[in-house]
Each structure stands twice: as structure tokens, then as C-alpha cells.
Amino acid sequence: MSEDSKKQAASRRGFLSGAAVLVGGTAVAWGLEGCAGDAGGGGAKPGTTPHAKPKGHVEPGQMDDYYGFFSGGQSGEIRILGVPSMRELKRIPVFNRDSTTGYGATDWTKELLGGTMSGDTHHVHLSYTDGTYDGRYVYVNDKASARLARIGLKTMETDAIVSIPNSQGTHGIFPQRHKTGLVVCNSEFRIPQPNVGADMDDPSKYAGMHTAVDGETMEVVWQVMVHGNLDLAATDYEGKYSFATCYNSEGAVTLEGMMAADQDWVYVFNLAAIAAAVKAGKTLTVGGFDKVVDGRGNGGDNELVQRVPVPKSPHGINVSPDGKYAIASGKLSPTCSVIDISKLADVFAGKIKPRDAVVAEPEVGLGPLHTAFDGRGNAYTSIFIDSVMTKWNIDKAIAQFGGEDVDPIIEKIDVHYQVGHTNASMSETKEADGKWLLALCKFSKDRFLPVGPLRAENDQLIDMSGDKLELVHDGASAPEPHDAVIVLRDKIHPEKVQTRTDPRFKIYEKWAKEDGINIMKDNKVIRKGNKVRVWMTSQAPNYGMTEVRVKAGDEVQWLVTNIDNVEDLSHGLCVVQHDVIMLVNAQDTNSITFKVPNKGVFWYYCPWFCHALHLEMRGRMIVE
Ligand code: K7E
Ligand code: CUA
């Protein structure tokens with residue numbers, strides 16, 4: 001070890017107040033040594049004691065009170081669970097090819113994905129009006145390919161995907177909360193700007209981007225370029241500010257380098273000032289996008305951006321339901337930093353220093369990652385290394401920071417194991433209700449049957465309504481959900497059958513007009529050269545055609561319209577030996593295009609069990 005790195009190690013050690021595991025050197029070591037201890041000690045608490053009706057139990061036939069929207073990590077999807085039962089209700093393909101629905105293969109979704117068939121969803125947030133959910137949209141990031149997707153809550157299907165320019169590792173996202181306005185998106189990875197081959201070996205010239213996407217049009221509105229990396233994101237409740245944690249103020253490209261400084265930042269973006277700069281044309285064109293404003297001026301603190309210094313490598317940033325505080329969870333510091341949002345106007349006006357906006361910094365445990373709220377003034381921080389959730393009181397933390405002799409820590413509850421995100425029912429709204437708390441644990445270890453080298457993760461549910469936190473449910477989940485929001489069920493009003501109002505129906509109508517087709521009625525094969533359009537209806541247990549004739553070498557575009565008008569009566573189309581499976585819901589149309597290289601008889605069938613005669617719901621594609 002060089003003298004310098006010895007000093008760094010020593011200062012890290014001091015910072016983590018005895019986190020000896022870190023001295024081992026790598027992040028992996030600090031993560032997993034804690035695990036081994038937990039497992040070896042057999043410290044797993046039984047989740048629910050075997051009384052007849054554990055808390056959180058939802059009787060057969062009863063509905064959950066909440067929808068949980070979970071990201072699916074590298075699966076590229078979103079999952080919907082009922083809370084508190086934790087029953088999985090649906091998987092929504094977003095950035096992934098999905099065989100169930102044909103997502104990524106059907107004409108519309110193929111265009112949505114633009115040839116990128118994988119993704120990494122981390123942060124799921126719903127659209128807001130007046131500080132609470134308006135039941136319109138879900139937004140989710142793709143960290144892998146710098147995209148933002150939107151899911152329409154009427155059908156719970158992906159309806160838009162936008163690629164974010166000049167960004168890599170699009171990580172934290174957050175919609176504005178006063179109305180369905182901007183969705184801000186952080187680039188976790190700094191890159192040369194533009195990233196076209198220059199400055200590759202000079203990371204000091206790399207920059208990060210804080211991007212605003214219009215939540216209605218899903219177009220990129222502006223980008224702010226900053227020096228640091230931008231990890232998690234949050235917005236306030238008034239539409240004035242957005243926030244980003246920065247764990248790599250060093251601008252390093254190695255782990256050691258990124259951990260070097262004992263202090264990093266929370267970036268605060270002044271949205272009105274940024275909009276004014278864009279309007280005044282104070283913009284650059286970077287990588288072909290012409291609405292980039294430079295937030296690097298004056299050393300990095302200026303009228304657009306201010307950096308609040310916080311201890312070493314912060315991760316989550318969460319705003320309390322009363323809109324007063326933005327709380328950065330320390331990750332490599334055992335603290336949370338509480339920023340008083342009402343002081344930020346003075347920070348931007350130069351009346352106080354950015355650090356003066358920090359009004360509390362309680363010690364919450366080793367490896368704080370994310371913070372949720374109960375609407376009663378308490379915060380709940382997920383603690384990765386300690387594998388606990390820490391409940392603490394915000395006002396008491398502020399009093400302690402002001403010199404009073406009070407302990408803000410109320411309770412710590414073990415979770416199993418290595419918790420990442422946490423969230424609580426309605427926690428990200430002004431209607432936080434303090435009923436249910438989630439601990440999304442990265443390792444399940446001894447909690448479930450082993451299933452080979454890769455095990456399930458453990459999404460745990462905690463009853464937070466009483467004086468004591470009570471673990472009520474272990475939820476095995478396929479890797480790797482990161483984040484989730486818990487939404488009161490009366491905020492969500494899904495349609496029962498397809499209403500045919502989404503943008504994709506305009507495209508089907510256009511094609512139908514070209515071919516002189518009544519989509520809801522006609523069954524016809526329309527040929528133009530070697531391109532063939534098959535228009536077909538379905539109604540249980542029949543297709544509108546049981547024989548379709550095409551020629552070897554044709555390109556077939558097959559449209560199926562499900563004219564059943566019964567909730568949940570879905571059909572679909574599978575053409576055997578042609579890699580074609582898609583779903584067609586009641587009153588929906590879906591289309592898929594494929595090549596027909598070989599002569600022969602190929603059956604097509606309905607892949608959804610729709611009727612007693614479902615197996616007979618099939619026909620022959622005869623390739624001549
Ligand atoms: Cu903490 Cu991507 Cu939200 Cu994972 S990030 S835990
Ligand atoms: Cu339609 Cu099975």
C-alpha cells in the first residue's frame with residue numbers, strides 16, 4: 001500500500017466508525033462479509049409466528065388495499081404485486097422481449113424497442129397531480145441503454161420509450177409532483193461530451209447530464225451538464241427543484257478513486273433558472289441535441305446548480321411527504337443528511353453557503369441506502385451492511401444536530417439480508433399513510449429453498465402502523481427488483497377491455513384504410529407483391545379464418561382483432577415453427593410480421609386457454 005492509499009484507508013476507517021470490513025479493500029468484501037456473519041450465526045428470525053391469521057394475510061377472494069409497482073432490474077420489466085398479500089398480479093414487459101405477450105416481436109413494440117431487446121429497470125414512479133398519484137402513468141428508467149419508458153395505467157402496457165441523449169447509466173429518475181410535468185433523469189456514468197472519440201483518456205473532461213423529459217409528450221426538453229456523476233434523483237413538491245446524489249465528485253474511473261474523497265455532493269437544480277436559460281437561448285448543442293445548458297460555470301455552483309456537500313458517497317435521495325426535507329442516505333457514511341428545502345432559495349441567492357442547508361445528520365447504521373416515510377414525522381432508512389431498517393425521527397435529528405441531547409433513533413429491525421431499496425405505502429406522496437414498509441433485500445440466503453447458484457431475492461413486508469415494527473412477510477422474487485412504490489388501490493382505475501384509444505390504433509386504422517378493411521369484422525388476405533397482410537378476427541373458440549394461404553418467400557404481416565367483449569377473455573396467435581406468439585386482449589388488435597421461407601402446412605393456434613374448445617381454436621397456414 002502506498003503512503004497515500006494508507007491515509008485514505010485510515011480516513012475511511014474513521015469515517016465508517018469501525019467498519020472494519022471495509023479495510024479489506026473492495027466493495028464486494030464490505031458487502032458480503034456482513035452476510036456471512038448473519039447466516040453463520042443462524043440469526044434468521046422467523047417471519048411470521050404460526051398464529052392463524054398473520055398480519056398482512058389477505059383472505060382468498062379478498063382484494064389487497066394497495067398496488068405495488070416493482071421494478072424488475074435486469075429482467076427489464078415491471079411487476080405489479082398486491083400489498084400486503086405480496087401476490088404477484090402481473091409482469092409488464094418494458095425493455096425486454098417477452099414471449100407471453102409477444103412484446104418486442106409485435107410490430108408496435110418492435111418499433112418501441114428499436115432493436116434493443118434488453119434493459120435494466122431500477123426506479124418506478126407514478127405520475128402526480130397536486131402531490132399525489134393521478135393514476136395516469138408509470139415511468140421507469142433503463143440503466144443499460146439510457147432510456148425512459150412510460151406505462152399507461154389504463155391498460156398497464158408500455159406506451160412510450162424515449163432514448164436520452166449524451167447519457168450513460170440513466171439511473172435515478174423522478175417525476176415532478178405538483179403536476180404531470182417533467183420527469184428528471186440522471187446519468188450515473190460520466191462520459192466525454194460529445195462521446196464521439198475525443199477526450200477518452202482524459203476523465204477530467206467527462207461530464208454528467210441531468211435530463212428533463214416531458215411526461216406528457218415523452219420528448220427530451222433540456223439537459224444540464226455538470227462535472228459530477230448523478231446517481232439517485234428526487235423532485236420537491238412545488239416544482240422548484242430537482243435533486244441528484246453524486247458519489248463520484250472525484251471524477252474518478254476506478255473504485256478506489258471514487259471512494260477517495262470524504263465528501264461528495266447533493267446536486268440541487270433550479271428548474272425555473274434552467275427553463276429561463278433554455279428560453280433565452282443560452283444553450284449548447286451536444287451530440288446533436290441543442291438544448292443543453294452548461295451547469296459547470298463558477299466552479300460548479302451557479303444560478304442553475306448548487307452542490308450541497310455531504311459525507312462520502314451518498315446514494316438515495318428522498319423528499320419527506322410534507323415537502324420540507326430532502327434526505328440523502330450516506331452509503332459509505334453511516335449518516336443521513338437532511339437538507340431543509342426552504343433554505344435553498346437563500347443558497348441560490350448566495351445568502352448562505354450550500355452546506356448551511358443541511359439541518360441534521362443522524363447516524364443511522366452502516367451502509368444507509370434509501371429512506372421512506374410514514375407521514376408522522378419519521379423516516380425509515382434501509383441499511384445495507386447491517387441488514388436492518390432504521391426508524392428515526394426527523395425533528396429529533398434536527399434537534400440533535402442543533403446541540404440538544406436527544407437520540408433520534410427509534411428502532412432498528414433485522415431484515416434478511418442486505419437490503420437495498422425501501423419504500424412505504426404512499427411514502428412518495430403528501431398522503432403517506434404509514435401502514436406498510438418494504439425492505440427489498442438483495443440476498444435471501446437461508447430464507448427459501450435453494451434453487452441452484454442463483455437464489456431468489458427477498459422482498460420483505462413490515463407492518464409499520466404500530467409502536468413496534470413487525471416483519472409480516474417474506475416475498476421471494478426473481479432477480480432483481482430494485483425499487484417499488486405502494487399505491488392506494490383507489491388511485492388506480494384500469495380498463496376492463498381495450499378501449500382502442502392508444503396511439504397504436506391509429507396505425508392499424510391507417511393500414512385498414514389502405515386495404516379497405518373493417519378491422520372489427522373482416523377476415524381477408526391482402527397481397528402486394530410478396531408482402532401479405534392477413535386480417536383475422538378471433539372470438540372464442542374460433543378464428544375468423546381456419547385456413548390462410550401464402551407463398552414460400554412471402555413476408556407475412558398478421559393482424560388479429562379479438563372481437564370478444566368480455567373482461568379477461570384474451571386470445572392470441574401462435575404460428576408454429578415461425579417464432580410467432582402474441583397476445584390479443586378483448587377488443588384489442590395486435591400485429592406481427594414474419595418471413596415464411598418454406599413450403600408446407602403450419603398450424604396456427606390460440607395460445608391462451610379461452611374456452612372448453614380452446615384446443616380446437618386453430619387453423620392451417622398453407623405455404624405453397
Ligand atoms: Cu439503490 Cu439502482 Cu435504486 Cu438499486 S439503486 S438498491
Ligand atoms: Cu382463444 Cu384459446
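Hydrogens, waters and symmetry mates are skipped; everything else that's a heavy atom, side chains included, is used. In this chain, residues are counted from 1 in sequence order. In listed order, ligands and their atoms are each counted from 1.
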Colleague: Restricting to salt bridge (Lys or Arg N to Asp or Glu O under 4.0 Å), what partner residues turn up for R307, sequence neighbours left out?
Modeller: D301
Colleague: Suppose the cut-off is 2.8 Å; how many protein N/O/S atoms fall inside it around atom 1 (Cu) of ligand 1?
Modeller: 2
Colleague: Going by the order shown, which atoms of ligand 1 are within less than 4.0 Å of some heavy atom of H123?
Modeller: 2 (Cu), 3 (Cu), 5 (S)
Colleague: Is the gap between the ring centers of H614 and F609 under 6.0 Å?
Modeller: yes
Colleague: How long is the gap from OG on S118 to CG on N96, to the nearest 0.5 Å?
Modeller: 9.0 Å
Colleague: Listed by chain and number, what are the salt bridge (Lys or Arg N to Asp or Glu O under 4.0 Å) partners of R500, not counting sequence neighbours?
Modeller: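 So R500 forms no salt bridge (Lys or Arg N to Asp or Glu O under 4.0 Å) with any residue.
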Colleague: List the residues meeting salt bridge (Lys or Arg N to Asp or Glu O under 4.0 Å) with E88, not counting sequence neighbours, and say none if there are none.
Modeller: R91
Colleague: By number and element, which atoms of ligand 1 are closer than 4.0 Å to a non-hydrogen atom of H171?
Modeller: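 This gives 2 (Cu), 5 (S) as the contact atoms.
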Colleague: Suppose I only count heavy atoms of K442 and a 4.0 Å limit; which atoms of ligand 1 are within that range?
Modeller: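 Near K442, meaning under 4.0 Å from one of its heavy atoms, ligand 1 has 4 (Cu), 6 (S).
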Colleague: How long is the span from the CD atom in Q498 to the OG1 atom in T155, to the nearest 0.5 Å?
Modeller: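 Here the interatomic distance stands at 6.0 Å.
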Colleague: If you round to the nearest 0.5 Å, how far is CG of L126 from OH of Y139?
Modeller: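 Rounded to the nearest 0.5 Å, the OH-CG separation comes out at 9.0 Å.
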